[in-house]
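Ligands are counted one by one from 1 in listed order, and the atoms in each one are counted from 1 as well.
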Amino acid sequence: MEPNVILAVHGGAGNGLIRADTSPELEQAYRDGLASALRAGEQILRSGGTSVTAVEVAVCALEDDELFNAGKGSVFIEDGGHQLDASIMRGTDLAAGAVAGLRNVRNPISAARLVMESTQWVLLAGEGAEDLAIRNGLATVTQDYFWTQRRWDQLMDAKNPDTPQQAEYSTVGAVAVDRNRDLAAATSTGGMNNKVLGRVGDSPIIGAGTYARNDTLAVSATGLGEVFIRGAAASTISNLIEFGGRDLVTAVHEVVMERLPALGGTGGVVALNRDGVFTAPHSTPGLLHGYLTAEGTIVTKVFTDE
Ligand code: ASP
């Protein structure tokens with residue numbers, strides 16, 4: 001029997017842990033991070049809250065956890081600062097909100113939700129997005145809040161020509177279905193390590209990194225953003241289901257495992273439909289993710305061989 005999933009989260013593709021190199025403490029820290037985000041979202045769903053609130057709350061928990069590349073613990077841009085991106089989408093009516101290039105908002109996903117619910121726009125960048133967040137009382141922080149030694153070391157490694165370069169994607173995201181069987185998806189990221197000032201990836205682009213449509217699926221992506229944008233990854237999956245007659249698992253597999261690698265990019269997604277069918281394929285060695293079933297079981301996957 002396939003599990004009946006109601007909420008799933010991811011903590012990035014490409015950095016699944018290698019069993020032999022991982023201490024039990026680090027393994028536990030990742031599992032706890034994913035599980036606490038799921039528990040936070042579960043509380044919302046169990047008390048009759050919407051899938052939109054559940055994905056926002058789950059993503060906020062991951063943004064606050066410095067293990068993940070979103071909110072605190074975000075990667076650095078090339079000048080040593082941070083610029084954060086996020087988006088959220090509601091499956092009932094295709095309402096969506098996104099922010100790009102934030103520097104001082106603690107939880108970018110909440111700013112994305114504000115754009116969706118309190119403005120006529122879909123994507124706000126930079127100063128305007130910060131102003132909206134501040135006017136609406138969202139918590140703000142100085143850039144040093146996002147600083148972590150691990151990300152700083154990764155920036156230094158990226159700038160050192162003698163260090164072997166490896167792609168690491170640790171963006172976060174969530175998908176959920178609520179009691180009314182309405183879907184929502186959310187994604188939040190610090191972007192790519194050592195990115196150029198102003199670079200915006202797929203995470204805040206509706207149809208690339210995030211998509212939710214009740215009659216197809218909710219999906220949140222992680223991977224090489226430029227390819228997810230060029231391949232219109234998230235909306236292509238939805239279109240393959242809507243117009244191409246594919247089922248969820250086939251459509252997701254086709255985009256993640258065939259179309260995006262053919263464009264030169266790897267990554268993964270978490271995807272869920274309103275019947276609780278869930279899939280999380282990835283063309284990277286791993287995809288940190290976890291899910292919660294309708295019965296209350298939490299499953300986390302952190303190792304590349306899990
Ligand atoms: N997709 C993100 C970006 O390109 C990176 C990631 O998944 O970690 O900004």
Side-chain angles (χ1 to χ4, degrees), residues 8-17 30 33-34 37 59 62-63 65-78 81-89 98-103 108-109 112 123 125 146 148 150-151 154-155 158 165-175 185-211 219-237 255-256 259-261 263-271 280-289 302:
V9 296
H10 70 79
N15 63 339
L17 310 177
Y30 274 104
L34 295 168
V59 166
L62 295 166
E63 287 177 338
D65 185 333
E66 69 171 58
L67 283 179
F68 303 103
N69 172 22
K72 180 153 184 72
S74 283
V75 295
F76 286 88
I77 66 175
E78 61 173 8
H82 298 276
Q83 288 194 313
L84 314 183
D85 306 330
S87 67
I88 192 163
M89 187 165 185
V99 288
L102 294 188
R103 287 178 167 279
I109 197 62
L123 172 57
F146 300 113
T148 56
R150 174 172 163 234
R151 299 297 182 200
Q154 285 175 353
L155 178 69
Q165 302 297 317
Q166 56 186 37
E168 194 206 281
Y169 311 113
S170 45
T171 287
V172 309
V175 289
T187 310
S188 180
T189 189
M192 301 286 285
N193 184 32
N194 201 29
K195 69 184 178 182
V196 68
L197 179 72
R199 179 267 186 186
V200 176
D202 60 317
S203 306
I205 307 297
I206 298 300
T210 303
Y211 207 69
V219 57
S220 168
T222 166
L224 183 59
E226 282 65 21
V227 165
F228 280 70
I229 295 173
R230 289 168 49 223
S235 59
T236 297
I237 298 171
V255 170
V256 173
R259 293 185 183 221
L260 298 176
L263 287 174
T266 55
V269 304
V270 288
H282 45 95
S283 56
T284 44
L287 171 63
L288 294 165
H289 70 282
V302 299

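Annotation: the span from Thr171 atom OG1 to Asp202 atom CG amounts to 7.0 Å, rounded to 0.5 Å.
Salt-bridge annotation for Arg199 and Glu226: present, with a side-chain N of the basic residue lying under 4.0 Å from a carboxylate O of the acidic one.
Using a 30° and 60° split on the angle between ring planes, Phe68 and Tyr30 fall in the perpendicular class, above 60°.
Under the side chain to side chain donor-acceptor pair (under 3.5 Å) criterion, Asp65 pairs with no residue, sequence neighbours left out.
Counting atoms of ligand 1 from 1 in the listed order, those under 4.0 Å from a heavy atom of Asp202 are 1 (N), 2 (C), 3 (C), 4 (O). Within ligand 1, counting atoms from 1 as listed, the ones closer than 4.0 Å to a heavy atom of Gly225 are 4 (O). Within ligand 1, the atoms closer than 4.0 Å to a non-hydrogen atom of Thr171 are 2 (C), 5 (C), 6 (C), 7 (O), 8 (O), numbered from 1 in the order shown. Interface atoms of ligand 1 facing Thr222, defined by a heavy-atom separation under 4.0 Å, are 6 (C), 7 (O), 8 (O). Of all atoms in ligand 1, listed by their number and element, those nearer than 4.0 Å to a heavy atom of Gly191 are 9 (O).
Contact annotation: the side chain of Pro281 approaches that of Val269 to within less than 4.5 Å [non-hydrogen atoms, C-beta and beyond].
Under the side-chain contact (heavy atoms from CB on, under 4.5 Å) rule, Leu62 has a single partner from Val172, Leu288, Asn69, which is Val172.
For the residues Lys195, His10, Arg199, the heavy atom positioned nearest atom 9 (O) of ligand 1 is part of Arg199.
In this structure, Gly223 has a heavy atom closer than 4.0 Å to ligand 1.
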